[in-house]
Engineer: 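Below are the structure tokens for one structure; questions will follow.
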Amino acid sequence: MENRNEIARNVRLGLGTGHVVLAIGLAIVLLVALRARYLPVDLTLGLVATLLAGSGAALLGGLRQAPLLARVSAAVALVAGLAFTTALIWTAAYLKGIYGDLGRGASAFFTLMVFTILPYLVVYPALALFLLRPQTGETKAEASKIEPPKAEEAKEERRPE
Amino acid sequence: MSDATSGKGSRAAWWRGRPWLRDGLAAWAVVTLLGSMIITRCVRLDLAEPPAPEHVAAAMAALRDAAAGRVPGDLGDAGRAALPGPVRVLLWHDGLPAFRQEFEAPTLGELTAQAAKALGEARVAGRFDGIDLEQARFHLSFVVADGAVLSWPVLAASASFVTTLDGVALRLADSTERLYPDDLLRARMYSAFLPLPGGQMKAGLDVPKAVESLWLGTHLPDETWDEQQPELRRFRTVELVERRGGLPERLIAGRVINPPPQTVDDYRAVALEGVRWLERMLQPNGRFQYDYDPLADSPFDFGYSLPRHSGSAYFLAFAHRKTGDAVAREAARRALDYVVERELRSCGEAPGRCVGQGSVVDAGSAALTAVAMAEYERGTGEGKYLEPLRQLTEFLCWLQEPDGDFVHMYDVSQNRRFPERLLYYSGEATLALVEAYRVLQDPALLDRIRAALDFLTTENWSFFGSAYFYGEEHWTCIASYEAFPEVQSDAYLEFCEGFAGFLREMQTEEGEPPFGYEGAYVVTPFLAPRTTPVAGRTEATVATYKLGEAMGRPNLVVLEQVRRSLSFLVRMRYAPDSSPLFQLPGKAAGGMPGGFDDPVVRIDYVQHAGNALLGGADVLADYELGPP
């Protein structure tokens with residue numbers, strides 16, 4: 001098993017692909033779905049998409065600094081996701097205060113928006129941050145327990161004859 | 001320790017080692033939830049109570065004395081009634097304000113004293129010369145709440161005012177300027193900012209225009225804008241207008257909202273008032289004046305729609321068949337004669353005859369003309385329109401495609417059938433064939449009707465996601481009912497009940513904010529309820545209930561849905577004296593406005609409402625009219 005930069009290969013490839021796919025999705029939302037240009041949203045989505053694309057490509061390419069980049073991009077995405085969720089909830093609260101009731105249509109819209117944002121900009125970045133957490137001594141030992149045969153093989157390879 | 005236990009331990013250790021993450025997420029949740037509660041609380045308006053109507057009536061009588069140069073009478077207890085905020089005093093005459101001033105007073109007595117003094121000064125200055133004070137009406141606007149709104153971004157600001165209920169205020173360092181709901185309505189600033197998909201309608205208050213208007217009203221130089229520290233606010237009013245011989249009436253969106261119906265005779269009466277309104281709109285040549293703006297006492301849109309002309313003729317003929325009303329019959333005849341004499345034409349290589357000028361004709365004009373002619377013949381048996389009805393039916397049959405659908409536009413000069421499909425036309429053409437069958441009794445039409453209904457209710461609406469929404473299917477459901485029993489299918493009833501169920505999700509209940517009237521169809525409170533969607537859809541729900549009843553499966557939920565919507569329509573139609581803002585209120589009487597934010601009456605608004613009301617009178621009984 002390849003384990004560059006202290007993360008498992010399948011995690012590296014999975015998160016690398018996930019970051020790139022999410023970046024493409026966000027870019028499509030920004031460039032196709034949101035026709036109106038609004039700087040706070042455009043800037044945030046653009047920044048998150050760029051970071052995710054770059055760090056995803058770095059993970060897929062196996063660069064040494066890739067885990068760090070991926071952690072940063074996931075953290076930025078998580079913060080953006082939480083901020084968007086807060087903004088949506090506050091917007092709904094504001095409109096509820098104005099109109100007394102959001103109505104079924106607007107309620108459905110806000111619910112849909114929140115549940116669209118949550119999986120991609122909250123749950124996924126949080127999961128990525130957890131999987132990309134820096135390896136402590138304990139977790140390193142755990143990682144070594146998971147792959148004992150390779151570790152022994154490696155020792156044997158290094159043993160001078 | 002097992003690997004699993006070790007893994008859990010390491011994850012717990014990782015989580016415990018990062019208290020900032022745990023605390024940060026908790027803080028986010030708390031800030032978000034508390035923030036949302038604080039925001040709702042800050043922008044919600046707590047409405048204060050205005051003075052009682054009998055106290056206001058006493059104040060209005062005193063103001064009338066002052067305007068006429070008499071000494072105002074003593075208000076008694078009314079004078080001590082506390083006022084929740086500023087009050088605007090208006091004197092309307094012929095739809096225009098002869099006097100308008102805002103006062104800040106703690107009690108109704110103090111307000112009356114201040115206003116009487118100002119009215120006396122206005123009288124002395126000659127401002128009431130030439131005004132028939134007996135015809136003029138006092139109107140008091142009590143500001144009962146005000147609150148802050150976002151002024152940026154402009155989109156948020158435009159969505160921060162409830163259409164036709166909220167006024168807009170600009171609080172300055174030295175004063176507060178206000179545009180009241182009727183000011184905004186008259187200046188057409190409601191529903192005027194954000195274009196909606198389709199391009200015909202807009203949503204939101206035109207805040208830039210409102211702010212400009214308020215600022216100009218201050219007469220302050222532009223350089224003082226920053227010094228004045230302007231703050232955008234909204235406010236809610238209770239509007240009471242003087243009524244002779246009775247207590248003042250409440251105005252909503254600048255007009256009196258009628259009481260809900262008490263008996264089904266109220267439905268018929270309102271429908272017949274619509275007949276009278278349409279009859280007044282008929283010009284000598286049989287063409288209607290397309291619409292009427294009661295605020296300006298003039299037409300609003302100088303365009304014309306032949307399908308709507310024929311649709312109105314259909315309602316008149318239907319009203320005659322249902323009630324025997326002679327005015328309806330005569331008006332229907334005149335409207336149909338106009339089509340026969342001016343618009344009916346040969347269609348090049350197409351068989352039969354079609355309706356409309358120019359090289360391109362449409363299925364809708366021909367279809368609704370056929371519907372109106374058939375309805376006239378069903379009600380009168382005159383035989384006057386049998387031949388043009390046959391010709392129009394021939395043309396519509398020629399437009400029908402092998403799958404049962406219809407071509408919607410046809411180029412007569414080039415003999416070209418356009419592939420584009422437009423809203424309503426397929427359903428209208430189907431209803432035309434059904435109505436033609438009822439009069440002509442041509443059995444060959446039955447297969448065509450079956451093909452059309454099968455297409456509209458099954459093939460046309462069977463795609464991924466079709467279970468979640470519907471188009472505008474009122475003509476389809478009317479045709480499904482009218483075709484029974486010769487052409488029938490469970491699929492038709494299922495389709496129409498599905499459509500009715502979809503609509504119920506949007507239907508308002510009594511007391512539902514912000515407007516509080518049951519029976520409107522609204523997607524969101526950002527858009528003020530409109531009457532024509534309610535009326536057209538109620539035609540469909542009436543037909544759906546009748547079809548279910550005819551098939552032995554009456555659906556009482558649909559019946560209740562019908563009741564709610566008819567209650568809304570009855571409340572919304574213009575009575576003989578609906579508003580002091582109208583120059584000639586009598587000309588609007590019987591008309592149906594477009595909605596709270598659209599005072600204009602158009603011929604098809606009256607048509608759809610009238611058809612729905614007469615249909616509803618068939619299925620509802622008096623005891624069912626009260627809310628459950």
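To find a chain, count down the sequence lines: A is the first, B the second, and so on, and within it residues start at 1. Worth saying up front: this structure is predicted, and the values here are computed from it rather than measured.
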Engineer: Got a second to check how far B:Phe526's CZ is from A:Leu95's CG, nearest 0.5 Å?
Structural biologist: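 Those atoms lie 4.5 Å apart.
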Engineer: Give, for atom CG of B:Asp166 and atom OH of A:Tyr99, the distance between the pair rounded to the nearest 0.5 Å.
Structural biologist: 8.0 Å
Engineer: Determine the option with the most heavy-atom pairs under 4.5 angstrom with chain B, choosing from A:Thr91, A:Thr86, A:Ile89.
Structural biologist: A:Thr86
Engineer: Taking B:Leu165, B:Val162, B:Leu45 one by one, which has the highest count of heavy-atom pairs under 4.5 Å against chain A?
Structural biologist: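 Winner by heavy-atom pair count: B:Val162.
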Engineer: Would A:Tyr94 and B:Thr40 count as a side chain to side chain contact (heavy atoms under 4.5 Å, CB included) here? Give the steps.
Structural biologist: CA-CA 5 Å; A:Tyr94 178 77; B:Thr40 302; over 6 Å; no
Engineer: Which pair of heavy atoms, one from B:Trp28 and one from A:Leu82, lies closest together, and at what distance?
Structural biologist: NE1-O, 3.1 Å
Engineer: Does atom OH (A:Tyr120) have a neighbourhood of more than 12 heavy atoms from anything else shown, all under 6.0 Å?
Structural biologist: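 It does not: A:Tyr120 OH has 12 such atoms or fewer within range.
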Engineer: Please look at B:Arg41 and chain A and tell me whether the side chain, the backbone, both or neither of the residue comes under 4.5 angstrom of a heavy atom of that chain.
Structural biologist: neither
Engineer: Looking at CZ of B:Arg44 and CD1 of A:Ile98, how far apart are the two atoms once the value is rounded to the nearest 0.5 Å?
Structural biologist: 12.0 Å
Engineer: Between B:Leu155 and chain A, with a heavy-atom cut-off of 4.5 Å, which part of the residue counts as in contact: side chain, backbone, both or neither?
Structural biologist: neither
Engineer: What residue, out of B:Val31, B:Leu150, B:Leu33, B:Val149, has the most heavy-atom pairs lying under 4.5 Å from chain A?
Structural biologist: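 Heavy-atom pair counts peak at B:Leu150.
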Engineer: If every non-hydrogen atom of B:Ser36 is compared with every non-hydrogen atom of A:Ala93, which pair is closest and at what distance?
Structural biologist: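 Heavy atoms of B:Ser36 and A:Ala93 come nearest at O-CB, 3.3 Å.
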